[in-house]
Amino acid sequence: MCEDEHGNGMARRALFVTGAAAALTLGSVTFASGAGAAGRTETRTVSGTLPVGAPDFVYVPVEVPHGVREIHVAYTYDRPPVPAGTAGNALDIGLFDERGTELGGEGFRGWSGGARAEFFVRADDATPGYLPGRIRAGTWHIALGPYTVAPQGLSYEVTVTLTHGEQAATPAPVYPPPRARGRGRAWYRGDCHLHSWYSDGRRTPAEIAALARAAGLDFINSSDHNTHSSHPHWADQAGDDLLIMLGEEVTTRNGHVLALGTDPGTFVDWRYRARDNRFGRFARRIRRAGGLVVPAHPHATCVGCGWKFGFGEADAVEVWNGPYTPDDEVALAEWDNTLVASVRSQSPSRSWLPAMGNSDAHRDPDAVGTPQTVVLADDLTREAVQDGIRAGRSYVAESKSVVLAFTASGPGGEHAGIGGRLTVAADAPVTVRLEVSGAPRCTVRLVTDEGVLFTSDVLPVSGSGTVEWRTTPQYAAYVRAELRHETAAGPVPGALAAFTNPIFLGA
């Protein structure tokens with residue numbers, strides 16, 4: 001049961017189920033019909049309590065009359081104490097316009113998750129995370145997302161204020177160009193997982209772009225949670241020295257995925273779980289919009305962060321996310337398992353899954369470009385960078401200081417680099433060579449489908465060195481390199497300084 005500002009009860013309107021995830025629609029919030037005097041405001045407040053096990057999304061319909069120029073929404077909810085280890089209350093919020101809440105539909109007008117306690121939308125402007133545009137008459141919906149609910153339940157209050165008057169013009173969006181001045185075929189550095197104040201970050205696009213340049217990056221990708229509202233705000237930050245791609249971090253309840261380098265203005269819905277069998281539809285949506293599908297931090301321990309959709313639709317996977325932690329070590333090991341499966345599969349169509357690393361930076365002191373993906377691309381364009389990521393012609397480094405050159409060569413002068421295949425006989429001698437700079441006191445490990453088969457001495461304090469290892473394809477079906485910082489104690493490997501995608505050996 002909800003109540004309006006006068007205490008009148010409003011009955012639950014409908015309950016419908018989308019796949020396996022329920023969504024509850026409450027009774028409508030209504031306002032006076034007809035145009036009001038310019039500047040006149042009307043306010044309604046609704047409240048309610050959601051129990052443990054509440055649907056993923058609760059929609060509050062708002063009947064918007066003609067003549068409205070601004071919608072303002074504010075909300076609060078209680079945060080009762082809970083026992084240690086028990087989830088407390090967390091309530092997200094967003095907005096859909098009169099075009100409806102259909103999954104993948106056109107009604108999306110913004111999402112701030114739990115980052116903001118209020119927002120507004122009008123034709124010429126909107127709160128970061130929301131889309132400016134005409135306020136048309138009809139049934140709008142406030143979307144509430146009970147992310148976690150305490151055992152006592154989650155009590156909320158939502159206040160909606162409409163302001164009447166003439167609407168201003170909506171500015172035409174301007175987007176960053178799909179190319180920057182590159183160096184032809186070369187290694188380009190990028191960070192494709194970044195959050196601005198258009199979702200739950202605290203940095204402006206200008207601040208992020210400045211930090212990207214300072215980190216030695218050539219390209220970045222915008223990836224705000226569940227909204228594309230930042231896309232028009234990056235254009236004046238791009239330049240000959242920085243390619244800015246546009247995307248979204250699609251943040252579902254069963255894991256997060258980067259829509260990497262989609263067409264400007266692309267929205268990807270997130271309101272489904274793995275058991276709903278909807279992810280394939282939205283993975284195709286990302287690719288139709290020119291983007292890559294990259295599951296993010298697949299073994300992260302935060303609520304809803306662990307990836308449960310499988311990797312059949314993925315173009316790459318984010319193995320290293322931010323400062324190196326144990327969940328990154330798990331992700332690296334699981335990714336290596338996918339490589340083993342790919343080389344031991346009898347299916348010739350079975351491909352391998354490239355890895356990448358990104359900072360997932362939100363605010364100070366999060367470091368943009370730690371780590372960064374270094375991609376061999378034909379030029380500094382969206383398509384060329386994506387081609388390099390998709391092909392696995394890349395390595396991941398903790399900073400711009402780390403530079404790698406990793407190759408394999410055969411007895412007849414055959415040669416292959418990262419992401420490539422050295423096609424030689426199974427018993428042919430192969431020389432694997434890694435040249436390193438910028439990694440003082442690190443150890444090189446060469447990893448194959450049979451595990452770690454080579455470990456170097458510690459590199460000197462200069463951080464530069466070269467290691468060589470000889471093998472055959474029948475002994476190692478692929479080889480990839482890891483640079484590890486010195487281990488404090490015991491046999492556990494140190495934190496990564498860098499790692500490469502594999503080179504495959506044999507026919």
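Along the sequence shown, residues are numbered consecutively beginning with 1.
- A salt bridge does not link Asp56 to Arg271: none of the charged nitrogens lies less than 4.0 Å from a carboxylate oxygen.
- Within the structure, the ring pair (Phe, Tyr, Trp, His ring centres under 6.0 Å) test picks out the following pairs touching residues 367-412 (sequence neighbours left out): Trp187-Tyr395.
- The side-chain hydrogen bond (donor to acceptor under 3.5 Å, both in side chains) search around Tyr147 returns none, not counting sequence neighbours.
- For an aromatic pair to be called close, the ring centres must be under 6.0 Å apart, and Trp335 with Phe311 fails this.
- Between His231 and His228, the ring-plane angle classifies as perpendicular under the 30° and 60° cut-offs.
- Between the Trp197 side chain and the Asp200 main chain, no donor and acceptor come within less than 3.5 Å of each other.
- We find that Asp315 and Arg287 are joined by a salt bridge, their nearest charged nitrogen and carboxylate oxygen being less than 4.0 Å apart.
- Among residues two or more places apart in sequence or in another chain, the side-chain hydrogen bond (donor to acceptor under 3.5 Å, both in side chains) test is passed with Glu435 by Arg433.
- Between Trp352 and Tyr478, the ring centre distance reaches or exceeds 6.0 Å.
- In this view, Ala477 and Val343, Asp449 satisfy the side chain to side chain contact (heavy atoms under 4.5 Å, CB included) rule, not counting sequence neighbours.
- Salt-bridge check for Asp366 with Arg203: failed, with every basic side-chain N at 4.0 Å or more from each acidic carboxylate O.
- Within 6.0 Å of atom CZ in Arg390, more than 12 heavy atoms from other residues, nucleotides or ligands are found, so the atom counts as buried in its surroundings.
- Under the rule for a side chain to side chain contact (heavy atoms under 4.5 Å, CB included), the partners of Pro132 that lie at least two apart in sequence or sit in another chain are Ala126.
- Note on ring orientation: taking the six-membered ring where Trp is involved, the planes of Tyr198 and His233 are parallel (angle under 30°, cut-offs 30° and 60°).
- Shown here are the side-chain hydrogen bond (donor to acceptor under 3.5 Å, both in side chains) partners of His297, two or more places apart in sequence or in another chain: Glu249, His256.
- Residues Asn221 and Ser223 bring no donor and acceptor atom of their side chains to less than 3.5 Å of each other.
- With hydrogens and angles ignored, the 3.5 Å screen pairs a side-chain donor or acceptor of Gln152 with a backbone N or O of Pro81.
- In this structure, Lys400 does not pair ionically with Asp218, as no charged nitrogen and carboxylate oxygen lie closer than 4.0 Å.
- The existence of a salt bridge linking Asp269 and Arg285 is excluded, since no basic side-chain nitrogen approaches an acidic carboxylate oxygen closer than 4.0 Å.
- Thr472 and Asp427 form no side-chain donor-acceptor contact under 3.5 Å, judged by distance and modelled atom types alone.
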